[in-house]
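For reference, the structure is listed below as structure tokens.
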Amino acid sequence: MGLYTVHLPQWKKDEISEIKRLASEYKLVGLVDMYGIPAKQVQDIRRNLRGKAELKMTRNTLIEHAFGEQGDLGELSSRLSGHSALIFTNENPFKLYSMLEKTKTKMAARPGETAPEDIVISKGPTSFRPGPIVGELQQAGIPAAIEAGKVTIRETKTVVKAGQEINKKLADALVKLDIKPMDVGLALQAAFYEGSVYEADVLAIDETAFYNSIISAATHAFNLSVNACYPTKDTAGAIITKAVREARGVAVEAAVASNDVIDAVLGRAQAQAMALQNITG
Amino acid sequence: MEYVYAALLLFKAGKEINESSVQAVLTAAGIAVNESRVKALVASLDGVDIEEAISKAAAAPVAVAAAAP
Amino acid sequence: MEYVYAALLLFKAGKEINESSVQAVLTAAGIAVNESRVKALVASLDGVDIEEAISKAAAAPVAVAAAAP
Amino acid sequence: MEYVYAALLLFKAGKEINESSVQAVLTAAGIAVNESRVKALVASLDGVDIEEAISKAAAAPVAVAAAAP
Amino acid sequence: MEYVYAALLLFKAGKEINESSVQAVLTAAGIAVNESRVKALVASLDGVDIEEAISKAAAAPVAVAAAAP
Amino acid sequence: MEYVYAALLLFKAGKEINESSVQAVLTAAGIAVNESRVKALVASLDGVDIEEAISKAAAAPVAVAAAAP
Amino acid sequence: MEYVYAALLLFKAGKEINESSVQAVLTAAGIAVNESRVKALVASLDGVDIEEAISKAAAAPVAVAAAAP
């Protein structure tokens, strides 16, 4: 490999040493998929990442060269795809992944792309005037019709399911309806960090599920504290409420005549009487 | 409703619910008793599982009442 | 609960709920009356709007709605 | 209500609920005890399955179910 | 839970809830008191609005509920 | 509440919850441990089915709307 | 779940939640730590309002079942 490098033109050598420099400067070296991201958005993303991560687009062959000379990094080469770019950061791969997720935006779908989620067209009027558009929408499987001089979607319909391909007719129709189903942004393919390679599927964290797990954990602690009657600042009030509730329950059950519960006792007597009256007529 | 109250009073006290017992309770409460209503009540309760009937009432959230003291 | 029904009977009959009236109703039902329970009941009813308490039971419906999150 | 609290204190501690135990607890808390209310309480609780009443109270509409772990 | 009832009793009696008062109530009930639990209870109640916690219990339906049929 | 989380951690790890294990977890978190709170925790959890206590709803219902009268 | 418990323990104790603090707590509880899960936890917590999540737990009015009519 070294010998071959000697014959490279200077600009390629410079690129390779630039990659190597970045790789040694940053803790994390990642590959991102740039497929389908318009130049304008690449600029925005770069701006958003400034100070946190550095993006470098270059030829795959040069990346392979650079990685090949960096030992461990060579493992990443196998994840290179046609639209890979390099990303460098000092954040850990999970942080980087969620950072990149947050920079994603919605775009129109191109024919042949896969729907990232169910695409649902809601019923209701559109802004279109009657014309060939109705036929175009219908051919795309969208229940369009003319009502009161306007093109209207007759019923809410899922036109394509998550994971299915969006065909040309549908893609065109979605553009006309201004529906942007595609998430575009840098997709982290793999990251090399502190000696290991992290694949994208490991890095994807379901934020909602995670948030719910915090709520669950807090609920567990709350319940344990209250049920085991181990009072803490957070739960002392709830424990008292529970104690009083139990006391009231017993008082009502036993029909204890006490000012605090007598109305509940009367109410219960009345409810029982009503229930019995329903039966006796 | 007072006839039903009387029946429940007897039931809760573990007493038999019959015409004379219902009548006695109502009279003691100062209620002018209508004999045929007493008969009707006793007849309608015949075979009724009162415990079960009232336990259904207990399932209703009765005491939503009690406001804060 | 029989003590409470005695009170409700008296209430429906428009009678005053006091120790002797409650006792009379319970006795008529053949119940060996516990004087302290009668006293406690009468005391606890003092100042209570019985009409309102029982009308809440009538309303007390089902509507224990789950609060929206 | 303090009489009921005293009874539950005894119940939770596995102690017998009787006039003297209730009285002792109330007195220790600095509450001037009304003997007939103590008697009424003990009589009311006689025959009541307190454990069941508590569990109904606890089970009731409280229901803040923990999310599945 | 008996520790909490002791605190509630003291609260109702208008007494200060401190380690020695809680201990006195529990002891009167014949309970072998765990000092650390008393400490933990007293510490946790500091700053808690007991009146409000009590009224929350009253506002909620009194547990008459049985499981749905 | 951190003491409760320590107990939960030990429970999940299948470890015994005792004074020294709780203390070890809290210390590892950089917490100055209050011995009596640890003791109280261990005592409170004694005999408790933690799995059940975790999942059993304990909180008061936030907004059980009373039906309109 | 134990990773989240560890994080909440640290949060409640007012300690910083970082890889080494989480690792220390888990290890002290006798849990074999998976480094990348710790990383994932810390990264996931970034931007999460833990206080708010906890308050949701306390409020969570799950499934207050309406009683059957």
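Quick caveat: nothing in here was measured; it's all calculated off a predicted structure. Any value given below was found using the heavy atoms of this structure, including those in side chains, with hydrogens, waters and symmetry copies removed.
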What is the distance from atom CG of A:Asn227 to atom OG of F:Ser55, rounded to the nearest 0.5 Å?
8.5 Å
Mark yes when over 12 heavy atoms from residues, nucleotides or ligands other than A:Lys180 sit less than 6.0 Å from its NZ; otherwise mark no.
no
So, taking the atom named OH in F:Tyr5 and the one named OG1 in A:Thr232, what distance separates them when rounded to the nearest 0.5 Å?
9.5 Å
The side-chain contact (heavy atoms from CB on, under 4.5 Å) partners of A:Asp206 (sequence neighbours excluded) come to A:Thr208, A:Ala209
Looking at side-chain heavy atoms only, is the closest gap between F:Leu45 and A:Tyr230 below 4.5 Å?
no
Which distance, rounded to the nearest 0.5 Å, do you find between the NE2 of A:His220 and the NZ of F:Lys56?
15.0 Å
Just give me the residue among F:Val48, F:Leu8, F:Leu41 that pairs up with chain A most often, heavy atom to heavy atom, under 4.5 Å.
F:Leu41
Working note: A:Asn223 + F:Ile54, criterion side-chain contact (heavy atoms from CB on, under 4.5 Å); need CA distance, chi angles, decisive distance, verdict.
CA-CA 5 Å; A:Asn223 287 350; F:Ile54 285 174; 5.5 Å; no
For the student: nearest non-hydrogen atoms of F:Val4 and A:Ala221, plus distance
CG1-O, 3.5 Å
Which residues, numbered in order, of residues 20-37 of chain F come under 4.5 angstrom of chain A by heavy-atom distance?
F:Arg37
Say you draw a straight line from CG of A:Asp234 to CD of F:Glu2; how long is it, rounded to the nearest 0.5 Å?
8.5 Å
Is F:Phe11 in contact with chain A via its backbone, its side chain, both, or neither, using a 4.5 Å heavy-atom distance?
neither
Counting only heavy atoms not in A:Lys233 (residues, nucleotides, ligands), do more than 12 fall under 6.0 Å from its NZ?
yes
A:Asp33: partners by side-chain hydrogen bond (donor to acceptor under 3.5 Å, both in side chains), with sequence neighbours left out:
none
Under 3.5 Å, which donor-acceptor pairs do the side chains of residues 188-196 of chain A form with other protein atoms, sequence neighbours left out?
| from | atom 1 | to | atom 2 | distance (Å) |
| --- | --- | --- | --- | --- |
| A:Gln189 | OE1 | A:Ser84 | OG | 3.0 |
| A:Gln189 | NE2 | A:Ser81 | OG | 3.0 |
| A:Glu194 | OE1 | G:Lys39 | NZ | 3.4 |

Give a yes or no on this: more than 12 heavy atoms of other residues, nucleotides or ligands lie within 6.0 Å of atom CD of A:Glu207.
no
If you look at every heavy atom in F:Ser44 and A:Cys229, which pair is closest and at what distance?
OG-O, 3.9 Å
Enclosure of A:Lys102 NZ (heavy-atom neighbours >12, cutoff 6.0 Å):
yes
